[in-house]
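Since the structure comes first, as structure tokens, the remarks are kept for the end.
The figures here come from the full heavy-atom set of this structure, side chains too, leaving out hydrogens, waters and symmetry mates.
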There are 2 protein chains.
Amino acid sequence: MKRRKTLADVAAAAGVSKMTASRALRGDKDVSQTNIERVKQAAREIGYYGNQFASSLSSKHTDLIGVVVPSLSNIVFPQVMSGVTDALKGTLLQPVFGVTDYDPETEYETLRNMLSWRPAGLIVTGIDQPPETRQLLKDAGVPVVQIMDIDGHPVDACIGFSHSEAGHDIAVALFETGLRRFGYVGRNLDKDLRAAKRKQGFQSALRDHGLAFADVIDGSDLAVDATAHSAVECGRRMTADILNRRPDLDCIYFSNDDLAFGGLCHCIAAGIDVPRKVALAGFNGLGIIEGFPGKIATSRTARKKIGKLAARMILETLEHSTAEMGKLHILKPEISLGELAVTNDKPD
Amino acid sequence: MKRRKTLADVAAAAGVSKMTASRALRGDKDVSQTNIERVKQAAREIGYYGNQFASSLSSKHTDLIGVVVPSLSNIVFPQVMSGVTDALKGTLLQPVFGVTDYDPETEYETLRNMLSWRPAGLIVTGIDQPPETRQLLKDAGVPVVQIMDIDGHPVDACIGFSHSEAGHDIAVALFETGLRRFGYVGRNLDKDLRAAKRKQGFQSALRDHGLAFADVIDGSDLAVDATAHSAVECGRRMTADILNRRPDLDCIYFSNDDLAFGGLCHCIAAGIDVPRKVALAGFNGLGIIEGFPGKIATSRTARKKIGKLAARMILETLEHSTAEMGKLHILKPEISLGELAVTNDKPD
DNA sequence: ACTGGTATCAATACCGGTATCGGTACCGGT
DNA sequence: ACCGGTACCGATACCGGTATTGATACCAGT
């Protein structure tokens with residue numbers, strides 16, 4: 001393997017100094033038009049591409065934005081990442097992704113690792129990092145945006161919405177359509193803190209009306225092996241279970257749309273009329289529920305937009321060295337009741 | 001913002017030289033036990049974490065594995081990424097992801113950019129890169145694994161399967177269950193070359209029996225705005241369209257499971273018996289089709305495993321400086337006919 | 001006491017870029 | 001002819017680590 005081309009090679013080929021070559025390639029000023037072309041031509045000819053290590057080390061500056069998400073299997077996070085990528089397209093900045101598997105320890109390590117790359121900014125999912133991790137973020141010395149959750153104390157900027165409120169709100173909306181006997185189906189609540197918050201919010205709304213979940217399946221039952229099956233499949237089975245135990249339920253709140261959709265699949269296969277016999281409510285507003293439009297109530301979250309905004313906020317902060325956008329952005333989920341809505345009122 | 005801690009600070013705090021501190025932190029040899037502890041203690045106290053730029057520049061060595069995927073919105077690729085991440089967990093290597101949006105130009109730029117990080121290895125989706133991009137991969141001087149497709153000439157190692165064969169095989173399987181009037185529903189075939197290959201393979205199998213697609217919707221029709229809706233929603237609408245035009249179809253081949261599932265949703269809502277009135281076939285074996293087990297025929301691809309294998313192959317190559325695993329791994333998709341199978345034979 | 005070997009450490013020279021700053025050439029104005 | 005200003009360029013000194021080499025101390029063996 002032959003030696004990699006360096007800037008010196010380009011400079012030599014173009015007949016200029018390293019410095020001029022460097023400036024020409026970066027579009028810096030103080031280079032004549034002829035030399036710009038000469039250098040670029042030379043670079044292309046010998047197949048030169050820069051060395052970020054040298055560049056970043058020397059300039060004490062990177063174009064990296066660290067993005068930490070808990071999971072890749074939940075489509076929601078790739079969508080957030082996609083938003084970030086879009087917002088950064090065309091800028092000089094570039095996202096770097098890290099996955100934590102919902103594990104605080106892994107999260108800490110991932111962040112440490114990212115910081116060793118001296119990113120220009122950080123986007124981190126969630127707001128409930130343990131103290132040590134928070135400290136890391138605080139001391140990072142770069143803009144930090146926490147996303148997807150605002151129930152807590154942000155380290156710096158924060159974009160998202162309140163999950164407990166989201167749970168609360170859809171509970172109220174469902175209650176107002178006349179539903180009374182609620183069940184809950186979820187899984188991985190021990191790790192997915194935000195889903196747990198939604199459940200709590202839902203419960204608190206029920207309590208306001210003197211109600212409580214008539215039945216709960218949260219995956220701590222061994223009824224379903226959460227890891228062996230897809231979310232849709234789990235939702236289907238858990239729904240079968242809960243409706244078997246409590247056929248009188250008139251509404252089931254799921255921890256997300258995938259599970260809810262699984263629930264719908266069960267109901268359709270079992271000939272259960274949704275939403276008249278039992279209403280189903282999920283969370284996120286995923287594309288999947290468009291398969292049977294209006295059947296599943298949900299809270300539509302602006303995932304991609306959150307990613308975009310987070311990236312833009314970092315950009316702003318870097319450019320103006322102070323966030324002009326404000327430190328907190330709330331993108332309240334929009335409740336969609338689907339067919340449930342026609343009996344009472346009709347939003348959108 | 002105070003100056004970042006450097007190795008020199010650690011060394012000073014520990015009362016040793018930079019070099020000794022460096023060795024101690026990296027677990028290199030030639031350091032006394034007492035000094036190892038002294039240095040590590042000092043590093044912890046002043047909150048030191050390394051500078052990858054300096055480290056990698058000096059050692060001419062990185063722990064990065066570049067992973068290039070075409071999209072984040074198609075759940076398949078996050079799953080591949082997830083496989084890579086898993087396989088790399090516990091090693092010193094670390095994945096860095098890049099997204100191309102199915103655009104060759106973006107792919108080229110993404111790769112150039114990755115190479116400027118001097119990765120230790122590259123995992124690239126697809127095998128049909130344009131010449132210039134291929135050259136980049138060839139000259140990279142690091143192990144390159146192309147994944148997800150083997151229909152073509154790999155640059156180096158290659159893990160995946162033949163899409164045209166996959167299309168061909170499921171066509172044969174479907175034909176053997178007695179189906180004869182086939183329709184095709186897909187979208188983005190201009191960009192998703194692998195989907196196009198499956199379609200071709202399917203067609204060639206049909207030709208072998210003197211058949212052809214009775215009708216094709218590939219999204220070039222303006223019937224559905226491909227970008228405005230989810231894949232499931234698109235599948236639903238396109239299926240409605242094609243069955244409206246050709247109610248006599250007895251099987252529809254979709255470019256993937258999302259679309260196929262949308263098709264199933266339409267059929268269920270419209271009271272069309274699947275698979276007896278019309279059979280549906282997709283591709284990938286996504287979790288989503290477990291919502292109605294057995295209803296959709298599909299080819300189950302080992303996406304996560306492909307990611308894992310690719311990462312492991314890079315590891316192997318780096319360790320032994322020669323791939324012991326062989327340069328080509330074919331993970332042939334497993335055909336699942338679902339309910340169609342019971343009429344003829346029963347696999348699994 | 002002398003030699004060779006081992007363990008441990010520090011000084012030095014880079015890695016491949018970029019910031020900085022001091023030239024040089026050339027221009028128009030007087 | 002002289003001067004200040006501008007445009008352009010290159011030598012030099014780093015950036016923060018690591019590979020390399022050489023130095024030192026200490027020990028066992030003879």
Quiz prompt | Whichever of B:Lys60 and B:Thr20 has its nearest DNA chain C nucleotide further upstream toward 5' | solution = B:Thr20
Exercise. Provide the Watson-Crick or G-U wobble partner of C:dG17, both distances under 3.5 Å; none if there is no partner.
Key: D:dC14
Exercise. Output the distance between atom NZ (B:Lys304) and atom OG (A:Ser73), rounded to the nearest 0.5 Å.
Key: 5.5 Å
Quiz item: Where is the tightest heavy-atom contact between B:Leu88 and B:Gln94, given as atom of each residue plus distance?
Solution: CD2-C, 4.1 Å
Self-check item: Pairwise 5' ranking along DNA chain C for B:Gly15 and A:Lys18, keeping only the more 5' one
Solution: B:Gly15
Quiz item: Relative to the ring of A:Phe53, is the ring of B:Phe53 parallel (under 30°), tilted (30 to 60°) or perpendicular (over 60°)?
Solution: tilted
Quiz item: 5' to 3' on DNA chain C, which nucleotides open and close the contacts with chain B (atom under 4.0 Å from a heavy atom)?
Solution: C:dT8 to C:dG16
Practice problem: Taking all non-hydrogen atoms of both residues into account, name the closest pair between A:His61 and A:Ser56 and its distance. | Solution: O-OG, 3.2 Å
Exercise. For A:Leu331 and A:Lys305, work out which heavy atoms get closest and say how close.
Key: CD1-CG, 4.3 Å
Quiz item: In whole angstroms, how far is the P atom of D:dA13 from the CE atom of A:Met19?
Solution: 15 Å
Exercise. Please work out which residues in residues 25-41 of chain A have a non-hydrogen atom less than 4.0 Å from an atom of DNA chain C and list them by number.
Key: A:Arg26
Quiz item: Does B:Ser55 place a side-chain N or O at less than 4.0 Å from the phosphate oxygens OP1/OP2 of D:dT18?
Solution: yes
Quiz item: So, are B:Asp103 and B:Lys191 salt-bridged, with charged N and O less than 4.0 Å apart?
Solution: no
Quiz item: If you take all heavy atoms of B:Lys5 and A:Arg118, which pair is closest and at what distance?
Solution: O-NH2, 4.4 Å
Quiz item: Between atom CD1 of B:Ile306 and atom CZ of B:Arg303, what is the distance when rounded to the nearest 0.5 Å?
Solution: 9.0 Å
